[in-house]
Amino acid sequence: MIEKPDVRAVHDFLNRLWEDIFTLNDELREELSELGFKVENVEEVFRAYIFLDGEWRQMSYPHPAFEIKPQIEVGATPESYYFVVAVPKERINEDFLEAFLESFQKSFIYGSEDFLNDVYNFRRDGKVSPEYVLNKINESDEKVFQFEADFESVQELKKGLFKMIELGKHFEIFEL
């Protein structure tokens, strides 16, 4: 027999995640249109992965997320609130990597195709040099890399997202 978790706690937790993402989506729709971004509707994302117990594990259940065009996904999993930004390999340089790693302590960098083999993972790699990460990126056959940052709250996520947009505009990673 499967051990049942506290169903009320699971229910309340999932409702909070979804409500937070719906609220953030509404807020960003107005705020980001002025900056040249288009905020899509919240959707159910299936077959995503979560980093648990030292490895990437597939989630068979949906989680809430939405796209900010171009290049950004925002959402929430049982582990954290997050954003992911797709960056073409040719737009990645050491200065951008340094700014990203310094700004987002809880982050991952992985390719679009072989996303289970990350080139940077804050839980595994700790503090590494931007040069080290850039070498791993340059050695890869990937054409686009995903820059993910995780946050404890939806408020931290929103603040981090605006920081990422600032960095992205400064380093010209967005296709606006």
Side-chain angles (χ1 to χ4, degrees), residues 20-45 48-51 56 63-77 79-122 125 128-176:
D20 285 350
I21 294 302
F22 277 120
T23 300
L24 180 62
N25 180 268
D26 288 340
E27 292 172 6
L28 293 176
R29 193 174 303 279
E30 284 186 38
E31 296 173 31
L32 293 181
S33 66
E34 298 169 2
L35 300 175
F37 293 91
K38 183 178 188 307
V39 178
E40 299 288 328
N41 292 330
V42 175
E43 296 181 349
E44 300 165 330
V45 176
Y49 284 78
I50 188 170
F51 196 78
W56 289 103
H63 72 278
F66 60 92
E67 288 186 50
I68 300 174
K69 296 195 180 215
Q71 299 166 256
I72 304 171
E73 178 182 285
V74 173
T77 69
E79 181 185 34
S80 67
Y81 295 91
Y82 71 90
F83 69 70
V84 178
V85 180
V87 183
K89 185 176 188 174
E90 66 271 7
R91 294 186 184 199
I92 301 170
N93 62 47
E94 195 171 329
D95 290 337
F96 169 66
L97 283 168
E98 182 176 13
F100 178 82
L101 293 172
E102 185 66 32
S103 297
F104 305 107
Q105 305 298 310
K106 294 180 178 179
S107 61
F108 304 95
I109 302 171
Y110 45 88
S112 292
E113 300 295 322
D114 187 11
F115 53 86
L116 294 179
N117 291 316
D118 43 50
V119 297
Y120 174 75
N121 180 322
F122 79 98
D125 300 324
V128 296
S129 72
E131 181 182 33
Y132 170 82
V133 178
L134 187 58
N135 285 339
K136 289 182 82 171
I137 288 171
N138 288 334
E139 291 170 0
S140 172
D141 291 333
E142 295 279 352
K143 292 178 176 35
V144 176
F145 285 85
Q146 307 289 346
F147 285 71
E148 177 178 333
D150 291 359
F151 303 89
E152 297 295 320
S153 71
V154 72
Q155 295 82 11
E156 290 176 22
L157 167 60
K158 185 175 181 180
K159 184 179 172 184
L161 179 62
F162 278 96
K163 176 66 176 173
M164 184 66 222
I165 288 171
E166 179 185 308
L167 290 177
K169 286 188 170 196
H170 177 77
F171 290 102
E172 300 178 340
I173 65 162
F174 294 122
E175 298 172 6
L176 293 173

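Values below: every heavy atom of this structure, side chains too, minus hydrogens, waters and symmetry copies.
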Quick one: pull up CD in E148 and CG in N121 and give me the separation to the nearest 0.5 Å. 9.5 Å
Taking all non-hydrogen atoms of both residues, which atom of P88 and which atom of I173 are closest, and how far apart? CD-O, 4.3 Å
Is it the case that more than 12 heavy atoms not belonging to E79 sit under 6.0 Å from its CD atom? yes
I109 side, atom CD1; Q146 side, atom CD - distance, nearest 0.5 Å: 11.0 Å
Can you check whether A86's main-chain N or O pairs, donor with acceptor, with Q71's side chain at less than 3.5 Å? yes
Is the shortest heavy-atom distance from the side chain of V85 to the side chain of F100 under 4.5 Å? no
Heavy atoms from other residues, nucleotides or ligands near CD of E90 exceed 12 (cutoff 6.0 Å): yes
Can you name the nearest heavy-atom pair linking V42 to P64, along with the distance? CG1-CB, 4.1 Å
Check against salt bridge (charged side-chain N to carboxylate O under 4.0 Å, His left out), K158 and E31: CA-CA 11 Å; K158 185 175 181 180; E31 296 173 31; 3.0 Å; yes
Would you tell me whether Y110 and E142 have side-chain atoms, one donor and one acceptor, within less than 3.5 Å of each other? no
How far apart are the C-alpha atoms of N41 and R29, what are their side-chain angles, what is the distance that settles it, and do they pass the side chain to side chain contact (heavy atoms under 4.5 Å, CB included) test? CA-CA 9 Å; N41 292 330; R29 193 174 303 279; 3.1 Å; yes
Checking R91 side chain against F174 main chain: does a donor-acceptor pair fall under 3.5 Å? yes
Going through the distances and angles, do K163 and E166 end up as a salt bridge (charged side-chain N to carboxylate O under 4.0 Å, His left out)? CA-CA 5 Å; K163 176 66 176 173; E166 179 185 308; 3.6 Å; yes
Using modelled atom types only, decide if a donor and an acceptor are shared between the side chain of S112 and the backbone of V144 within a distance under 3.5 Å. yes
Just by modelled atom types, is the E40 backbone N or O under 3.5 Å from a matching donor or acceptor in the N25 side chain? yes
For atom CD of Q105, decide whether the heavy atoms of other residues, nucleotides or ligands shown that lie under 6.0 angstrom number more than 12. yes
Side-chain contact test, heavy atoms from C-beta onward, threshold under 4.5 Å: evaluate it for L32 versus I165 and give yes or no. yes
Heavy atoms, side chains only, cut-off 4.5 Å: are Y120 and K136 in contact? no
Do the non-hydrogen side-chain atoms of I21 and Y81 ever get within less than 4.5 Å of each other? yes
Looking at side-chain heavy atoms only, is the closest gap between S33 and V39 below 4.5 Å? no
CD of E172 to NZ of K169, rounded to nearest 0.5 Å, is 11.5 Å
Output, in order, the C-alpha distance, side-chain angles, deciding distance and verdict of side chain to side chain contact (heavy atoms under 4.5 Å, CB included) for F145 and V133. CA-CA 12 Å; F145 285 85; V133 178; over 6 Å; no
Hey, can you tell me if F104 and F83 have their rings parallel, tilted or perpendicular (30° and 60° cut-offs)? perpendicular
Measure up the F51 and F108 rings against each other and bin them: parallel (under 30°), tilted (30 to 60°), perpendicular (over 60°). tilted
Is the closest side-chain heavy-atom distance between F171 and V87 below 4.5 Å? no
Closest non-hydrogen atoms of L161 and L28, given as atom of the first, atom of the second and distance, are CD2-CD1, 3.5 Å
Just how far is it from atom CD of E152 to atom OG of S80, taken to the nearest 0.5 Å? 7.5 Å
Minimum heavy-atom distance P130-L97, with the two atoms named: O-CD1, 3.6 Å
Determine the minimum heavy-atom distance between K89 and N138, stating which atoms define it. NZ-O, 3.6 Å
Considering all heavy atoms of both residues, which atom of F162 and which atom of L35 are nearest to each other, and what is their separation? CE2-CD1, 4.2 Å
Interatomic distance, E98 atom CD to L134 atom CG [nearest 0.5 angstrom]: 11.5 Å
For K159, is there an ion pair with E156 - N to carboxylate O distance below 4.0 angstrom? no
